[in-house]
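Both ligands and their constituent atoms are indexed starting at 1 by order of listing.
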Amino acid sequence: MKILVLGSGGREHALVWKLRQSARVSKVYCAPGNGGIADEADCLPVELKSLDAMVALGQSLKPDLTVVGPELPLTLGVVDEFTRRGWPVFGPTKAAAQLEASKSFAKEFLQRHRIPTAAFAICDSMEEVRDALAHFHAPVVVKADGLAAGKGVVIAASKEEAASAAAEMLSGKMVGEAGARVVLEEFLKGDELSFLVLSDGERVVPLVAARDHKRVGDGDTGPNTGGMGAYSTADIVDEQMRDWLVNHIAKPVVAGMKAEGAEYKGVLYCGLMMTALGPMVLEFNCRFGDPETQPILMRLESDLVDALEASITGRVSEGDFKWSQDASVCVVMASGGYPGTFEVGKKISGLDEAGAVEGVKVFHAGTSKHDGDFFTGGGRVLGVSARAAELETAVSRAYEACGKIRFEGAHYRKDIAGRAVKK
Ligand code: AMP
Ligand code: GLY
C-alpha cells in the first residue's frame with residue numbers, strides 16, 4: 001500500500017521510519033518532509049496551512065492511508081476533507097481537534113466531565129485578568145488559548161509578572177491571534193508524563209508512556225520549547241497507574257467527546273502532571289508528540305499500519321501493539337538561539353559516525369540536503385535517539401552519538417532522562 005505522511009519534523013521522520021518497516025507498505029511519501037526524511041521517503045512540497053493544497057496532493061497521490069503529523073492541518077480540518085472524499089486518513093476531525101486548538105475549550109470540557117485538572121480562569125480582557133488574579137496564589141501559569149507551538153505558556157513567579165504576560169498575550173505581541181484569549185492556571189508541582197492513547201472514537205488503547213523535557217536548559221531552566229528530549233521505559237508508569245489513567249482520564253475524554261457529538265479518533269496525547277494529589281491534565285494534543293514519538297516508536301515491535309487503520313475502522317484493541325521491554329531516549333540537537341531567533345543553513349557533519357553507534361537512529365527534525373550534504377533548516381534540528389536494554393545504556397549511546405555531530409551554534413540538554421537514570 002501507498003502511505004502519505006503530512007509534516008516535516010522529527011516525529012514525521014520517526015513515523016516514516018516505522019511505517020516503512022511494515023510488510024504491507026510498498027511506498028511512503030512525506031509532504032513536505034525534510035532533508036533526512038528524503039533518504040527514506042519521496043518528499044513532495046505542500047503548504048500545511050492550505051487545505052486546498054493538501055486536498056490537491058491527496059487527489060494526485062490517492063494514498064491508501066494518510067497519517068497527519070502536526071496539529072495545524074488537523075485543526076484546519078484535513079481529516080474531514082479527506083474522509084468526505086473517501087480517502088483513509090488517520091487523526092481527529094476539526095471539531096475533535098478543538099481539544100488541542102483551544103485551551104479554554106479543553107479546560108471547560110475537563111470541568112464538565114469532572115476530569116482532574118488545575119483550577120483555572122478564562123479571560124478576554126485585562127480587567128478580567130486582574131479580577132481573576134485576586135483568586136490565585138503565585139506562581140501563576142498564563143496560557144494563550146490558541147495554538148502557539150509550545151511558546152504560549154508563561155510560568156509567572158508573581159501576580160505582577162502574570163499580569164504583564166497576559167497583557168502581552170492579549171495585545172497580540174507574544175503569539176498573535178492565539179493570545180486573544182488567555183487561560184490563567186494554578187501552578188502544579190510534580191513530574192510530567194506524556195500519556196498517549198490510540199482511540200477509534202469509542203475504545204482506547206494506551207501506548208507506552210514517555211517523559212518530555214520542555215525547558216531549553218539543563219535542570220529544567222530557561223524558556224519552554226517544543227521539547228528538548230524524551231525517554232520511555234517499561235516502568236515509567238506501573239500497570240495500576242496505567243489502568244487508572246485509561247479509566248479516569250483517557251476513556252472519559254473519548255466518551256465525553258462522543259457524547260458531545262465530536263467523536264475522537266486518532267492519537268490522544270494527554271499531557272499530565274503527576275501531583276501529590278494524583279495525576280492532573282495539563283493539556284491535550286490531538287496527535288503524536290514530538291519528540292515523544294521518537295522513543296515511543298523505537299520500542300514498538302508490531303505493525304504501525306495495522307494499529308492506525310484500526311483507529312479509522314473502529315477496531316482498536318490491546319493486541320494492536322507489541323512493545324519491547326527496552327528503554328529508549330531521544331536527545332534534541334537545536335540551532336543556536338532556539339527557542340528564540342536562530343539562523344539556518346549551517347552545515348552538519350558527523351551524521352554517519354553518529355548513526356553507526358550501536359542502537360542509535362538519528363531522526364531529522366529541521367534539515368535540508370544539498371549536493372549530498374545536510375544543513376540546518378529549523379529550530380530543532382535532529383533527534384538523536386537510542387534504544388538499549390537499560391535506560392543508562394540508551395542514554396550513553398545517544399550522547400556518544402550527539403558528541404560526533406557538529407554544526408555551528410548546536411546546543412542540546414545534557415540531562416535528558418538524567419533523573420530517571422539516577423533513580
Ligand atoms: P501546555 O502547553 O499547557 O502543556 O504547557 C506547556 C508546559 O508548561 C507544560 O508541559 C508544563 O511544563 C508547563 N505547565 C503547563 N501548565 C502548568 C501548570 N498548571 N502547572 C505547572 N506547570 C505547567
Ligand atoms: N512534546 C510536546 C508536544 O508534542 O507538544
Side-chain angles (χ1 to χ4, degrees), residues 7 9-12 14-15 68-72 74-75 97 99-107 110 116-121 136-157 162 165 169 175 178-179 182-196 207 209-217 219-232 267-277 279-297 330-332 334 339 363 365 379-380 383 413 416:
R11 161 186 52 212
E12 287 75 22
L15 285 166
V68 188
E71 57 277 19
L72 183 62
L74 293 167
T75 58
L99 275 180
E100 173 168 2
S102 166
K103 290 193 188 285
S104 58
F105 173 86
K107 293 296 283 192
L110 287 163
T117 191
F120 67 100
F136 281 84
H137 296 285
V140 183
V141 185
V142 186
K143 299 184 176 184
D145 185 54
L147 294 180
K151 287 160 205 144
V153 176
V154 174
I155 306 204
M169 286 182 192
V175 287
V182 301
V183 177
L184 304 180
E185 246 180 62
E186 162 199 15
F187 177 80
L188 299 176
K189 270 204 221 105
D191 283 333
E192 281 186 57
L193 188 73
S194 302
F195 188 68
L196 281 66
L207 278 58
R211 181 159 289 130
D212 190 9
H213 297 64
K214 292 227 166 68
R215 302 290 196 96
V216 71
D220 293 328
T221 53
N224 267 331
T225 67
M228 292 300 288
Y231 69 93
S232 177
V267 164
L268 174 69
Y269 167 136
C270 307
L272 307 175
M273 189 70 93
M274 310 304 268
T275 76
L277 297 175
M280 297 207 185
V281 176
L282 291 178
E283 65 160 344
F284 293 115
N285 293 317
C286 57
R287 49 168 176 83
F288 283 102
D290 190 348
E292 291 94 326
T293 301
Q294 292 80 314
I296 288 175
L297 292 185
C330 170
V331 178
V332 170
F363 294 110
R380 293 191 289 178
R413 279 182 63 160
I416 302 301

Ligand 2 atoms nearer than 4.0 angstrom to some heavy atom of Lys214 are 2 (C)
Those residues at least two apart in sequence (or on a different chain) that pass side-chain hydrogen bond (donor to acceptor under 3.5 Å, both in side chains) with Thr117 are Lys107
Inset, instruction - Look at the side chain of His213 and the backbone N and O of Gly229, then say whether any donor-acceptor pair between them is shorter than 3.5 Å. - result: yes
Distance filter under 4.0 Å, heavy atoms only, around ligand 1 gives Lys103, Val141, Lys143, Val153, Ile155, Glu185, Glu186, Phe187, Leu188, Glu192, Lys214, Asn224, Met273, Leu282, Glu283
Numbered in order shown, the ligand 2 atoms found under 4.0 Å of a heavy atom of Gly289 are 4 (O)
- Query: Any luck finding a side-chain donor-acceptor pair between Ser194 and Asp212 under 3.5 Å?
  - Reply: no
Ligand 2 to Glu292, heavy atom cutoff 4.0 Å, flagged ligand atoms 1 (N), 2 (C), 4 (O)
A student checking ligand 2 against Arg287 at a 4.0 Å heavy-atom cut-off should list atoms 3 (C), 4 (O), 5 (O)
The atoms of ligand 2 lying under 4.0 Å from a heavy atom of Pro291, numbered in the order shown, are 1 (N)
Check the pair Tyr269 / Cys286 against side-chain contact (heavy atoms from CB on, under 4.5 Å), numbers first and verdict last.
CA-CA 6 Å; Tyr269 167 136; Cys286 57; over 6 Å; no
* Asked: At the 4.0 Å heavy-atom cut-off, does Tyr269 count as touching ligand 2?
  -> yes
**Item:** 4.5 Å side-chain heavy-atom contact, Pro223 and Thr225
**Value:** no
Main-chain N/O of Gly10 paired to Arg380 side chain as donor or acceptor, under 3.5 Å
no
- Message: Main chain of Ala97, side chain of Glu100: is a donor-acceptor contact present, judged purely on distance under 3.5 Å?
- Response: no
Per salt bridge (charged side-chain N to carboxylate O under 4.0 Å, His left out), Asp220 is matched among Arg413, Lys214, Arg211, Arg215 by Arg413
Per-atom filter on ligand 2: closer than 4.0 angstrom to a heavy atom of Asp212 are 1 (N), 2 (C)
One finds that the ligand 2 atoms under 4.0 Å from a non-hydrogen atom of Gly226 are 1 (N), 2 (C)
I'd like to know whether Phe288 forms a side-chain contact (heavy atoms from CB on, under 4.5 Å) with Ile296, so could you lay out the CA-CA distance, the side-chain angles of the two residues, the decisive distance to 0.1 Å, and finally the verdict. CA-CA 10 Å; Phe288 283 102; Ile296 288 175; 5.9 Å; no
| field | Check: Lys143 and Val153 side chains under 4.5 Å, non-hydrogen atoms | value | yes
